[in-house]
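The analysis underlying the following values was restricted to heavy atoms, covering all of them including side chains, and did not include hydrogens, waters or symmetry mates. As the structure lists them, so they are numbered: ligands from 1, and atoms in each ligand from 1.
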Amino acid sequence: MTAVDRYAVAGNPVAHSRSPDIHAAFAAQTGQSLVYERLLCPLDAFANTVQAFAATGGRGCNITVPFKFEAHDLAARLSPRARLAGAVNTLRFDAEGWFGDNTDGAGLLRDIEHNAQRPLAGRRVLLLGAGGASAGVLGSLISARPAEVQVANRSADKAESLRASHQALATEMGVKLSASNLQDCGSGFDVLINGTSASLAGAAVPVGPEALAPQALVIDMMYGPAAAPFLDWARSQGAEARDGLGMLVEQAAEAFEIWRGRRPDTAPVLHSLRQAIDKKPTP
Ligand code: ATR
């Protein structure tokens, strides 16, 4: 009897993760036999936990907060986009050495350009934050050849180091790339992406309405209550607001393809996930 292939989302915490539902839906849709679990890793034992999983039938895992940088160091081989991001959200346990990739940026880009129907070519993009979330997506944003990407962060030095690490790609793509603090981020952006964790800390929206061009698209990489204040603000300014659920499903589809060689159809999975999340609790 052949053991079923195992996959997991590794993080701390992981109880809230929607990835098991998403991958179960992809597996059913594509007729693949696999199980997808939650792997809670002690903060000081990420590598040991993932190695034990690989030794007991694990074929790969997704990595979430706070282990994406550790996962990068654990991979024997990296995709160019994972190397550029310095972070890994997908590991495939290949016999010849673990392969590390980062599908977050591709997921965000697909959500913007395909799901929201907003091609980035020639547009002006403002990316808020310079932590792990922003590092994971900046390369993909640049690759879409917008006219400009500005990275704005509370600590300007972190924005500047993200700019520096991505400057060669921006030059190659003909994209103007700049860095600033939040106060000097400029105005009139077509697309505003929130990659900060400001709302988790209950902090106010970190930029003013002048940051937005008319009919701007505003995306928070989070979803659920954490994204609500930022998206409410965006709507109150007349912008189109999108949470991170589309990005979540799209990055998962990209990971599924890396593992299984099949590209699932994301639209029905996003639709049912949205319904599950929006469903009001019965009184
Ligand atoms: P993640 O992996 O989720 O990106 P992180 O690496 O800790 O987490 O990064 C958090 C980001 O949110 C950082 O850009 C942080 O700004 P600093 O680099 O200045 O710390 C940003 N952030 C967190 N709280 C914020 C707040 N109250 N206002 C503005 N930015 C905030």
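- Listed by chain and residue number, the protein contacts of ligand 1 are Gly129, Ala130, Gly131, Gly132, Ala133, Asn153, Arg154, Ser155, Lys158, Leu182, Thr196, Ser197, Ala198, Ala203 (heavy atom within 4.0 angstrom).
- Taking the charged nitrogens against the carboxylate oxygens, Arg118 and Asp190 have no contact shorter than 4.0 Å, which rules out a salt bridge.
- Taking the charged nitrogens against the carboxylate oxygens, Asp104 and Lys68 do have a contact shorter than 4.0 Å, which makes a salt bridge.
- Looking only at atom types and distance, the side chain of Tyr36 has no donor-acceptor partner in the side chain of Asp21 under 3.5 Å away.
- Centroid-to-centroid, the aromatic rings of His23 and Phe26 come within less than 6.0 Å.
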| request: Tell me, with the steps shown, if Glu257 and Arg262 meet salt bridge (charged side-chain N to carboxylate O under 4.0 Å, His left out). | output: CA-CA 5 Å; Glu257 188 173 11; Arg262 292 281 305 274; over 6 Å; no
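- No side-chain N or O of Tyr7 forms a donor-acceptor pair with one of Arg92 less than 3.5 Å apart.
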